[in-house]
2 protein chains.
Amino acid sequence: MAADPLSRVFAALADPTRRDMVARLTVADATVGELAEPYDVSVQAVSKHLRVLEDAGLVSRSRDAQRRPVHLEAEVFDLMTKWIERYRRQAEERYRRLDDVLRAMPDDPSPTTPREGTPS
Amino acid sequence: MAADPLSRVFAALADPTRRDMVARLTVADATVGELAEPYDVSVQAVSKHLRVLEDAGLVSRSRDAQRRPVHLEAEVFDLMTKWIERYRRQAEERYRRLDDVLRAMPDDPSPTTPREGTPS
DNA sequence: CGCCTTGTCAACCATTCGGTTGAGAAATGC
DNA sequence: GCATTTCTCAACCGAATGGTTGACAAGGCG
């Protein structure tokens with residue numbers, strides 16, 4: 001399993017079923033059984049998915065009798081958002097600089113370094 | 001391999017090496033060899049990583065003689081950002097509603113539905 | 001031309017992943 | 001106490017991952 005937190009979060013959300021569980025947990029907490037109900041897999045499989053989400057810090061489980069209510073920990077989203085935004089901004093910054101360079105270029109549309117003497 | 005685009009993007013960024021490549025590509029395009037240089041793996045491994053990034057739409061490769069310059073396609077970030085923001089907002093919305101409920105509750109700290117007749 | 005550089009393809013290997021089934025722990029309720 | 005509900009643990013399985021090495025295609029360059 002990936003050691004660093006960011007990898008764990010990205011990996012956790014790389015699965016459609018897990019993403020759907022997270023989506024549903026934004027509405028309300030749910031037990032393992034409730035979460036499992038819509039999917040065509042065993043409860044055990046869902047339990048495994050929850051472990052992945054929990055290891056990523058996206059979810060926490062408490063207890064209520066036999067039930068294990070699952071709660072979304074939405075703050076972890078920030079980890080990803082920060083990473084994405086940082087590099088998105090950096091990429092945009094780069095394009096901006098590239099634009100400046102292009103803008104500073106002569107109107108003359110000579111394809112490459114026009115060296116010595118007019119062509120024709 | 002995951003079919004849906006969102007899964008592919010998340011999965012692609014779930015690897016530290018690939019994230020680092022993306023980070024470096026926000027600064028400038030690079031060839032496969034240049035990209036491979038800092039890592040302690042074969043060029044083939046890096047080539048595979050690039051394929052994953054390319055399949056996720058995060059990167060495109062063109063050609064320049066033997067070289068294959070790699071270019072970042074930062075727009076795909078939006079896919080993730082949209083998903084994350086949507087559910088982050090939904091989660092916040094939920095907490096806000098929960099707060100309203102709590103605020104509307106009586107100061108009386110009776111634990112559950114106090115039914116008929118004062119206790120003592 | 002022959003060689004060197006750059007990169008991909010193919011085969012292989014160990015590990016991880018998502019799923020299964022079976023067993024059992026923990027708590028409730030008759 | 002005993003059956004039932006809810007969930008996890010363990011073992012197993014097939015497919016995908018991330019890595020390797022070896023072969024080779026494509027394109028300058030001496």
Side-chain angles (χ1 to χ4, degrees), chain A residues 1-22 24-25 28-56 58-72 112-113, chain B residues 1-22 24-25 28-72 112:
Chain A
M1 196 175 299
D4 66 299
L6 201 44
S7 295
R8 279 201 290 262
V9 182
F10 276 122
L13 294 180
D15 182 284
T17 303
R18 284 194 296 256
R19 271 200 312 279
D20 192 61
M21 292 197 244
V22 167
R24 290 168 58 208
L25 287 170
D29 292 359
T31 67
V32 178
E34 286 164 0
L35 280 171
E37 196 267 323
Y39 315 119
D40 196 25
V41 298
S42 64
V43 178
Q44 288 95 321
V46 171
S47 190
K48 279 194 184 183
H49 279 306
L50 283 171
R51 195 130 121 76
V52 175
L53 290 172
E54 192 175 29
D55 287 347
L58 276 161
V59 130
S60 66
R61 301 184 231 181
S62 45
R63 55 189 332 162
D64 165 35
Q66 314 101 310
R67 256 140 277 123
R68 232 70 82 262
V70 180
H71 177 76
L72 183 69
T112 24
T113 47
Chain B
M1 194 176 300
D4 67 298
L6 201 44
S7 295
R8 277 202 291 261
V9 182
F10 276 122
L13 294 180
D15 183 283
T17 303
R18 284 195 294 258
R19 270 200 315 278
D20 191 60
M21 291 198 244
V22 167
R24 292 169 55 208
L25 286 170
D29 292 359
T31 67
V32 178
E34 286 164 2
L35 281 171
E37 196 269 322
Y39 316 119
D40 197 24
V41 297
S42 63
V43 178
Q44 288 94 322
V46 172
S47 189
K48 278 195 183 182
H49 278 307
L50 284 171
R51 196 131 120 76
V52 174
L53 290 172
E54 191 175 30
D55 287 348
L58 276 161
V59 129
S60 67
R61 300 183 233 181
S62 46
R63 56 188 332 162
D64 165 34
Q66 314 101 310
R67 253 140 278 122
R68 236 50 101 263
V70 180
H71 177 77
L72 183 70
T112 26

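Every chain is numbered from 1, with letters handed out A, B, ... down the list of sequences. Just so it is clear, the structure is predicted and the values come from calculations on it, not from any experiment.
Two residues, Ser42(A) and Pro69(B), neighbour DNA chain C, and the one matched to the more 5' nucleotide by heavy-atom proximity is Pro69(B).
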task: Might you work through the side-chain contact (heavy atoms from CB on, under 4.5 Å) test for Leu53(B) and Val70(B), ending with a clear yes or no?
output: CA-CA 10 Å; Leu53(B) 290 172; Val70(B) 180; over 6 Å; no
message: If you apply the rule side-chain contact (heavy atoms from CB on, under 4.5 Å), what do you find for Asp55(B) with Arg51(B), and how did you get there?
response: CA-CA 6 Å; Asp55(B) 287 348; Arg51(B) 196 131 120 76; 4.1 Å; yes
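Of all non-hydrogen atoms in Thr17(A) and Asp15(A), the two that sit nearest each other are N-OD1, 2.8 Å. When all heavy atoms are compared, the tightest approach of Ala3(B) to Arg8(B) is O-NH1, 2.9 Å. The two residues Leu58(A) and Leu72(A) make their nearest non-hydrogen contact at O-CD1, 3.3 Å. When every heavy atom of Asp4(A) is checked against every heavy atom of Pro16(B), the shortest pair comes out as OD1-CG, 3.8 Å. Shown here for Asp20(A) and Tyr39(A), the closest heavy-atom pair between the two residues is OD2-OH, 2.6 Å. For Glu34(B) against Asp29(B), the heavy-atom pair with the smallest separation is OE1-O, 4.4 Å.
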Quick one: which protein N/O atoms are closer than 3.5 Å to N/O atoms of nucleotides 24-30 of chain D? Pair and distance per line, please.
from, atom 1, to, atom 2, distance (Å)
dG27(D), N2, Gln66(B), NE2, 3.3

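Applying the 4.0 Å criterion to OP1 and OP2 of dG7(C), one finds that Thr31(B) has a side-chain N or O inside that range.
In this structure, the nucleotide among dG18(C), dT20(C), dG19(D) sitting nearest to the side chain of Val41(A) is dT20(C).
Distance CZ/Arg61(A) to OG1/Thr31(A): 12.0 Å, rounded to 0.5 Å. Put simply, CZ on Arg68(A) and CG on Leu35(A) are 13.5 Å apart, with the number rounded to the nearest 0.5 Å.
Note on the helix from dC1(C)-dG30(D) to dC30(C)-dG1(D): terminal axis deviation equals 10°, with five pairs used at each end and the result rounded to 10°.
Between the CG atom of Asp15(B) and the C1' atom of dT17(D) there is a distance of 10 Å, given to the nearest Å. Note: CZ (Arg8(B)) to P (dA16(D)) measures 14 Å, nearest angstrom.
A heavy atom lying under 4.0 Å from DNA chain C marks the following residues of residues 44-62 of chain B, by number: Gln44(B), Ser47(B), Lys48(B), Arg61(B).
Proximity of a side-chain donor or acceptor of Arg18(A) to a complementary backbone N or O of Ala11(A) within less than 3.5 Å is detected.
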